[in-house]
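See below for the structure under consideration.
Remember, it's a predicted structure, so these values are computed and weren't measured experimentally. Each chain gets a letter, A, B and so on, in the order the sequences are listed, and its residues count up from 1.
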Amino acid sequence: MSENNEQYRLNKELAQMLKGGVIMDVTTPEQARIAQEAGACAVMALERIPADIRAAGGVSRMSDPAMIRSIQEAVSIPVMAKCRIGHFAEAQILEAIEIDYIDESEVLSPADDVYHVDKTKFRVPFVCGAKDLGEALRRIAEGASMIRTKGEPGTGDIVQAVRHMRKMNTQIRHIVSLREDELYEEAKQLGVPYDLVKQVHESGRLPVVNFAAGGVATPADAALMMQLGAEGVFVGSGIFKSGDPKKRAAAIVKAVTNYNDSKLLAELSSGLGEAMVGINEQEIALLMAERGK
Amino acid sequence: MMRVGVLAVQGAFAEHIAVLERLGVGAFEIRKLSDLDGSIDGLILPGGESTVMKKLLSDLELFLPLKKLIDEGLPVLGTCAGMILLAREIDGGEAPCFGTMDITVRRNAYGRQLGSFACTERFDGKEIPMRFIRAPYVTRVGGSAEILSEHDGKIVAARQGRQLAAAFHPELDDDTTVFYMFLKNVSDYIDSKE
């Protein structure tokens, strides 16, 4: 195996180690420690959580590397950070500080409205958002070693994450049902490489780990996404925008482990304090999920 | 039929279950206390994040019953994070989890994800493939614990009684040497109960 392929396999395997876990957005070393103690399997280091990015408006960029470093020093779990879509220089900087995973994210302002980062040129792993199977397989073709639904970040509204997860899984089931000689046309329709469509046809799943993201605010939201087939969840604004972050974080972690146990979920959902207020999809001016297709 | 429980609170437990099924061994997930109601002949602690597993073990009240089973001689295989859960000491003074193996481990010993690697190395007299992902290694082996494998002068696998620990991920390769060693312990354990 070439060195590049070997690293890609190791990167996909790191995502496998994160399965069944919760990745939490944090903005300070203190929050990172709270997240780790609450049972986060990784943290996403960023200057502002999506709800605040949405509120502040303006151009949103990669976080200060010094701030990311201070979070790397605060915890032993993997640390992820976001670069703008197509901003390979930001990605190079994140690789230089040995980030564990780069999220090429629609939450930040896109730097390129045509091209995504060529992720095959990097040794560090990338996670990318997707609304459907076409987007997911295009990101994988570009070198992403993990996929997440886009959802709609910073809203506390789960509807879009549900839509994206259902869409991907419906499309996967459709590909499984096709005859082999129909896969070429399917690849053309989806705008993705044939060999990835063939892999999905044979395995009945994405070639990489798939998490839910964008709008998860409660243990019930997390359980819903897991029952719909997510292999873990990202929680952005949902934790540190809520009344009792510590308690809510720990409850969401447990909900992801025992997503089928409704009695436990009832217990976990009790007395969590205020959830983030949230905005409905009809009320938002900016659809981040429409960035980068 | 052998019944091997795989701790399934977080991490790469599905990969272990897939290997066990391929080998014709009965496997079940351990997510909550009632999962331990049936018989159990062996335990696998998979890769993942040890801090998460440690917290969930205690929150879900699995810690004490599993520790008791290991103390009483239940065969156990810990890989990567699972090895950290078994270790008596963790470099840096962090509190141990089960602490049933007389070894000291260093977490993230090879650094961050850019330090992850694959190699082949001798294990129990045989060259086997090994995959290290943000892996720990063993810095000390004490008491009746013994070294099973070293890579670049670092201890990457050890055993003590029926406890087996590896810093790498045998569940991600086709080679079954490590699993056969664990399953031999399981069948010895079943014989000893009869």
Checking [X] against chain A: side chain, backbone, both or neither under 4.5 Å from a heavy atom?
| X | result |
| --- | --- |
| B/Ala81 | neither |
| B/Glu29 | neither |
| B/Leu56 | side chain |
| B/Ile133 | side chain |

Given heavy-atom pairs under 4.5 angstrom as the criterion, report whether the side chain, backbone, both or neither of [X] touches chain B.
| X | value |
| --- | --- |
| A/Ala40 | backbone |
| A/Asp261 | side chain |
| A/Phe122 | neither |

Scan the side chains in residues 88-101 of chain B for donor-acceptor partners under 3.5 Å anywhere in the protein, sequence neighbours excluded, and list what turns up.
{"from": "B/Arg88", "atom 1": "NE", "to": "B/Gly99", "atom 2": "O", "distance (Å)": "3.4"}
{"from": "B/Glu89", "atom 1": "OE1", "to": "B/Thr104", "atom 2": "OG1", "distance (Å)": "2.6"}
{"from": "B/Glu89", "atom 1": "OE1", "to": "B/Arg140", "atom 2": "NE", "distance (Å)": "3.4"}
{"from": "B/Asp91", "atom 1": "OD2", "to": "B/Arg106", "atom 2": "NE", "distance (Å)": "2.8"}
{"from": "B/Asp91", "atom 1": "OD2", "to": "B/Arg106", "atom 2": "NH2", "distance (Å)": "2.9"}
{"from": "B/Glu94", "atom 1": "OE1", "to": "B/Arg107", "atom 2": "NE", "distance (Å)": "3.0"}
{"from": "B/Glu94", "atom 1": "OE1", "to": "B/Arg107", "atom 2": "NH2", "distance (Å)": "3.4"}
{"from": "B/Glu94", "atom 1": "OE2", "to": "B/Arg107", "atom 2": "NH2", "distance (Å)": "2.6"}
{"from": "B/Thr100", "atom 1": "OG1", "to": "B/Gln163", "atom 2": "OE1", "distance (Å)": "2.7"}

Interatomic spacing from [atom1] in [X] to [atom2] in [Y] - rounded to 0.5 Å:
| X | Y | atom1 | atom2 | answer |
| --- | --- | --- | --- | --- |
| B/Asp59 | A/Lys254 | CG | NZ | 4.0 Å |
| A/Arg9 | B/Ser116 | CZ | OG | 12.5 Å |
| A/Asn260 | B/Lys32 | CG | NZ | 8.0 Å |
| B/Gln113 | A/Leu14 | CD | CG | 4.5 Å |

Do you know which of B/Lys55, B/Arg112, B/Arg31 has the most heavy-atom pairs with chain A at a distance under 4.5 angstrom?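 Counting heavy-atom pairs under 4.5 Å, the top option is B/Arg112.
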Determine whether more than 12 heavy atoms belonging to other residues, nucleotides or ligands lie under 6.0 Å from atom [atom1] of [X].
| X | atom1 | answer |
| --- | --- | --- |
| A/Arg69 | CZ | no |
| B/Asp174 | CG | no |
| A/Lys263 | NZ | no |

Who among [options] has the most heavy-atom pairs with chain B under 4.5 Å?
| options | answer |
| --- | --- |
| A/Pro125, A/Ala38, A/Pro78 | A/Pro78 |
| A/Val22, A/Leu18, A/Ile77 | A/Ile77 |
| A/Gln36, A/Gln72, A/Gln7 | A/Gln72 |

If the contact rule is any heavy atom under 4.5 Å from chain B, which residues of residues 89-103 of chain A qualify, in numerical order? A/Glu95, A/Glu98, A/Asp100
Applying a heavy-atom distance below 4.5 Å, give me the residues of residues 217-237 of chain A that approach chain B, sorted by number. none
A/Cys41 to B/Gln10 - nearest heavy-atom pair and separation: CB-NE2, 3.8 Å
Do the charged groups of B/Glu49 and A/Lys19 touch, with an N to O distance under 4.0 Å?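 The answer is no: the pair does not qualify as a salt bridge.
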Salt-bridged, A/Glu13 to B/Arg134, with N to O below 4.0 Å? no
Test ring pair (Phe, Tyr, Trp, His ring centres under 6.0 Å) applied to B/His16 - qualifying residues, sequence neighbours left out: B/Phe179
With no hydrogens and no angle check, is any side-chain donor or acceptor of B/Asn108 less than 3.5 Å from a backbone partner on A/Ser76?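 Looks like yes, one N/O pair under 3.5 Å.
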Would the distance check show the side chain of A/Gln16 and the main-chain N or O of B/Glu15 forming a donor-acceptor pair, the cut-off being under 3.5 Å? no
